K.L.:
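Questions regarding the structure given below will be posed in turn.
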Amino acid sequence: MNQKVVLIGLLSLFFLLTSCTREVKTKDEKQKTEIALVIHGGAGYFTSETIPPEKEAEYRKKLNEALITGYNILKDGGSSVEAVEKVIKILENSPLFNAGCGSVMTADKKFELDASIMDGRTLKTGAVTGVSHIKNPIAAARLVMDKSQNVFFSGVGAEQFVVSQGMQLVDSLYFYPDDIRAEIEKKNLEEQDKQNKLNKKKNKKRVSFVEKKTEIEKYGTVGCVALDKDGNLAAGTSTGGLNNKMKGRIGDSPIIGAGTYANNNTCAVSCTGQGEFFIRGVVAYDMSALLEYKGMTLATATNYIINVKLNELGGLGGLIALDKYGNVSMNFNTKGMFRGYITDKGKPEIKIFND
Ligand code: ASP
């Protein structure tokens, strides 16, 4: 009897120790690169015919700037979390993408932005949803991760939290494109000076400017995954959400496990596309689970998730992923996805269409 107890004790100890030090092994075991960074700027139904060459050049330039910035951070020994935040900020500050200043509007002509970030070393995360006055939601998500006991804040509460941490809010006019914002501001000033009757007419015009922005076909949720010199993975995603979304609708981007996930043991993932399907498929975590429990390679898991599981659900979109060995995966079932990566060699690779 005693021997049995000792044996069970020893076995339990063995399982406990091996599970604590668990190393996930896939067929990709060889280290490919010391540092790596992958980005996306959204997936959608665009082709080389629908994006004019000048516009394509603008996208390439901005994606290139983001990759080089991330590379320099990682090369200088910066952390993957830092690289992810800085790179996403660059994309949020560009009107080309549907994140930060380029965010699309809700059906009631407001802005509700989402972002999340995850540190694969500690499994710490931070996320914000439905924020309307935060210039860089990814920085807000980082603050939530680093400075709060919680992981997910919404709307006004999220804005109050970042203010309590010293971040300044912006007027929601910030999210309009420069030309439309200038016009709105001018009209608003005029309105203040005129009679009620006149105001009514101007208000009508004001709505037409707002509608102008929603007419623009917009892709471009942004995401980044990175591997630093210490072997730490991180992931982040930021978005204005789906164009014309219902007030209060939340997609996958701020949801850890759906739109974003990172775990040093497996991989870092950022998704883009129809968020509802990515939430239902718990896509980002599913990627990690396929590596952890099935021993799949990154490429096999990405292919299976996008081309089998997402297709079966009927969802559209794509993802970028990076594993601890520096393997890069970028996959989508739409016509195109703004994407790129950079590794040790420091040579940015950028792609937009299905090539
Ligand atoms: N996934 C985002 C959302 O559903 C949108 C996108 O990636 O285009 O909010």
Side-chain angles (χ1 to χ4, degrees), residues 38-46 50-51 59 63 88 91-92 94-108 110-118 127-132 134 137-138 140-141 152 154-155 158 175 213-214 216-225 235-261 269-287 302 305-306 309-310 313-321 330-340 352:
V38 195
I39 54 176
H40 72 74
Y45 270 77
F46 45 83
T50 59
I51 297 187
Y59 278 111
L63 293 170
I88 290 185
L91 302 173
E92 285 178 338
S94 161
L96 288 172
F97 302 97
N98 170 19
C101 74
S103 293
V104 297
M105 282 188 212
T106 58
D108 64 346
K110 301 264 166 51
F111 298 96
E112 294 181 2
L113 283 55
D114 304 326
S116 63
I117 192 162
M118 183 160 187
V128 293
T129 185
V131 295
S132 308
I134 295 180
I138 194 69
F152 201 2
S154 75
F175 299 104
K213 179 168 176 179
T214 54
I216 302 166
E217 179 106 62
K218 199 79 199 257
Y219 313 99
T221 288
V222 302
C224 177
V225 293
T237 312
S238 181
T239 189
L242 288 182
N243 202 4
N244 216 25
K245 66 186 179 183
M246 282 178 73
K247 182 184 170 70
R249 175 265 183 194
I250 301 169
D252 60 317
S253 310
I255 298 181
I256 295 301
T260 304
Y261 192 74
V269 183
S270 169
C271 303
T272 173
Q274 297 171 314
E276 283 69 13
F277 294 91
F278 285 79
I279 295 172
R280 288 166 59 196
V282 202
V283 169
Y285 179 72
D286 204 16
M287 277 291 299
T302 314
I305 291 273
I306 297 295
K309 293 188 86 173
L310 192 62
L313 273 179
L316 293 171
L319 64 81
I320 53 169
M330 308 184 290
N331 211 324
F332 50 97
N333 65 1
T334 48
K335 285 239 156 70
M337 181 166 85
F338 297 100
R339 62 201 188 277
I352 299 178

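For this chain, numbers begin at 1 and follow the sequence in order. Fair warning: this is a prediction, and the values are worked out from it, not measured in the lab. Counting starts at 1 for both ligands and their atoms, in listed order.
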K.L.:
Number the atoms of ligand 1 from 1 as they appear, then name those within less than 4.0 Å of a heavy atom of Thr221, with their elements.
P.N.:
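Answer for ligand 1: 2 (C), 5 (C), 6 (C), 7 (O), 8 (O).
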K.L.:
Is the Phe175 ring parallel, tilted or perpendicular to the Phe111 ring (thresholds 30°, 60°)?
P.N.:
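Tilted, since the angle between the ring planes falls between 30° and 60°.
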K.L.:
Does at least one non-hydrogen atom of Arg249 fall below 4.0 angstrom from an atom of ligand 1?
P.N.:
yes
K.L.:
Please test Arg249 against Glu276 for salt bridge (charged side-chain N to carboxylate O under 4.0 Å, His left out), starting from the C-alpha separation and ending with a verdict.
P.N.:
CA-CA 10 Å; Arg249 175 265 183 194; Glu276 283 69 13; 2.8 Å; yes
K.L.:
With heavy-atom distances below 4.5 Å as the criterion, would you say the side chains of Phe338 and Leu91 are in contact?
P.N.:
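No, their side chains stay 4.5 Å or more apart.
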K.L.:
Hey, does the side chain of Asn98 reach the backbone of Gly241 with a donor-acceptor pair shorter than 3.5 angstrom?
P.N.:
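Answer holds: yes.
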K.L.:
May I ask you to list the atoms of ligand 1 that are less than 4.0 angstrom from any heavy atom of Ser253?
P.N.:
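What qualifies from ligand 1 is 1 (N), 2 (C).
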K.L.:
As a check for students: among Gly251, Gly275, Gly241, Gly273, identify the option with a heavy atom nearest to atom 2 (C) of ligand 1.
P.N.:
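Closest candidate by heavy-atom distance is Gly273.
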K.L.:
When you measure from the heavy atoms of Gly42 to every atom of ligand 1, does any distance fall below 4.0 Å?
P.N.:
no
K.L.:
Rounded to the nearest 0.5 Å, what separation is found between the OG1 atom of Thr272 and the NE2 atom of His40?
P.N.:
5.0 Å
K.L.:
Just which atoms of ligand 1 are under 4.0 Å from any heavy atom in Asp252?
P.N.:
1 (N), 2 (C), 3 (C), 4 (O)
K.L.:
Give the atom numbers and elements of ligand 1 that come within less than 4.0 Å of a heavy atom of Thr272.
P.N.:
6 (C), 7 (O), 8 (O)
K.L.:
Checking Thr106 against Glu112: is there a side-chain donor and acceptor pair closer than 3.5 Å?
P.N.:
no
